[in-house]
2 protein chains.
Amino acid sequence: MFDVLFSHILEKVSLTEEEKSLLKSFFVAKSLRKKEFLLREGEICHSLSFVSKGLLRSYHIDEKGDEHMNLFAWEGWWSSDIYSFSFNEIGQFNIDALEDSELLLITRENLEEMTLQIPKMDRYFRILFQNSLATKERRLVSSNSYTAKEKYIQLAESNPQMIQRVPQNLIASYLGLAPETLSRIKKNIALGK
Amino acid sequence: MFDVLFSHILEKVSLTEEEKSLLKSFFVAKSLRKKEFLLREGEICHSLSFVSKGLLRSYHIDEKGDEHMNLFAWEGWWSSDIYSFSFNEIGQFNIDALEDSELLLITRENLEEMTLQIPKMDRYFRILFQNSLATKERRLVSSNSYTAKEKYIQLAESNPQMIQRVPQNLIASYLGLAPETLSRIKKNIALGK
DNA sequence: ACTGCCCGTTGATCTGGATCAAGTAATACA
DNA sequence: TGTATTACTTGATCCAGATCAACGGGCAGT
């Protein structure tokens, strides 16, 4: 169960066997059936969740009731309402499962304790957050600078797995588009623009 | 010169006097006159820059030649093309000074070396990047979910200093709006909506 | 296998914000 | 202190993408 997590961590920092078993003690496993919720808007997010199997989505619902996808997380990715988690404030994201999923959860308190006992884990998360920030920054520029079609093409090139695995109407929402718009864009591309 | 940096770091982790003086050795100071460039699109970003005085902007220029603001950094904030810095790839951001500025630069190699010698600095940057990620995530949702007016009001509430200090046309770009649009929005708000 | 219901498609119409075009106020610079 | 450049405003028009509506096809549950 920890295999996926360890191999992910070992890409960034080394771990001894003792550290590995110590590390395990800070996590709790959780299973989620398709459509089950991990977190709801308005709650405080107390854990970071690592996906060892399955697929989660995090999204915001606006006053009109429209959903806006924030991110998708499958094997090897983390998911949480990072704002709520970081500042211990009420969050604006829902997280639920698009497929039956297996998760490993670590609470704010356990993260604190774990990084004190295994300082290397600060480095792991430093690199993780640094990379996520870099990616998010690019996405934000893309969102403000390009046309709907350009955004879709960029996504398809930079993240083909997401296109394969996530339903099209959710991809549309992720890109800030109406589902009809994405449908038409794909048609145009298929017709050779 | 290091006062602003140390007080910023001390908000997140403690430092001994020896650590402070060791830390200094990894940074290089740099002054930038208004309109001078720190980084240009197409270059690789080799340093993180801490602003101890002044104001920087980072922005992307699209194929049509239009500028898209990414962020503004004044006293106590870091600036860089974090994607380029993290992955050692060609970047898409320009960084220049909106006011005469004083910076402290640390290179990728020195960051690596510094975190090995002072592991606490991994924790500092972990928290820094975690918070930045949280903020950026909210901004991205806001960008996809709200109207121009709502975005402006949210920014004015969450970051009034930016409104005061940064020219209005650059605020417009930061929000992904045409300058004319922001001008009209402000007029409407002044007229009591 | 049947039926209900999401999900994606296609068409028609609408609209928020962009773009184009002037004019005016502020700031810098010589 | 004048003049040139840049920032902001206001008006007129345009358009990418949203919204509304209707239909067909796949797959989920019984």
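In what follows, chains carry the letters A, B, and so on, assigned in the order in which the sequence lines appear, proteins first and then strands, with residues in each chain numbered from 1.
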Can you build the contact string for nucleotides 18-30 of chain D? Use B for base contact, S for sugar-phosphate-only contact, and - for no protein heavy atom under 4.0 Å. SBB----------
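Centroid-to-centroid, the aromatic rings of A:Phe72 and A:Tyr174 come within less than 6.0 Å. Ring centroid separation for the pair A:Phe129 and A:Trp78 does not come in under the 6.0 Å cut-off. The ring of B:His8 has its center closer than 6.0 angstrom to the ring center of B:Phe50.
Note: CG (B:Leu175) to C1' (C:dA18) measures 15 Å, nearest angstrom. We find that OH of A:Tyr146 is positioned 14 Å from P of D:dG17, with the value rounded to whole Å. Atom CG in B:Leu170 sits roughly 13 Å away from atom P in D:dT6 (whole-Å rounding). When rounded to the nearest whole Å, the span between CD of A:Glu150 and P of D:dA16 equals 12 Å. The distance from atom CD1 of A:Ile185 to atom C1' of C:dG8 is 14 Å, rounded to the nearest whole Å. Regarding A:Asn188, its CG atom lies at a distance of 12 Å from the P atom of D:dA16, rounded to whole Å. Whole-Å rounding puts the A:Ile163 CD1 to C:dC7 P distance at 17 Å. Taking atom NZ of B:Lys149 as the reference point, atom P of C:dG16 lies 12 Å away to the nearest angstrom.
Distances shorter than 4.0 Å separate some side-chain N or O of A:Lys187 from OP1 or OP2 on C:dT10. For A:Asn169 and C:dG8, the shortest distance from a side-chain N or O to OP1 or OP2 is below 4.0 Å.
We find that A:Asp96 and A:Arg57 are joined by a salt bridge, their nearest charged nitrogen and carboxylate oxygen being less than 4.0 Å apart.
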For side chain to side chain donor-acceptor pair (under 3.5 Å), just list the numbers for A:Ser84 and A:Glu89, CA-CA rounded to whole Å, side-chain angles, deciding distance to a tenth of an Å, and then say yes or no. CA-CA 5 Å; A:Ser84 173; A:Glu89 285 181 20; over 6 Å; no
Could you walk me through whether B:Tyr146 and A:Glu63 pass the side chain to side chain contact (heavy atoms under 4.5 Å, CB included) check? CA-CA 10 Å; B:Tyr146 298 103; A:Glu63 315 79 55; 3.2 Å; yes
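Side-chain contact check for A:Ser47 and A:Arg108: no donor-acceptor pair (N or O, by modelled atom type) lies under 3.5 Å.
In terms of position along DNA chain C, the nucleotide closest to B:Lys151 lies nearer the 5' end than the nucleotide closest to the other residue of the pair B:Lys35 and B:Lys151.
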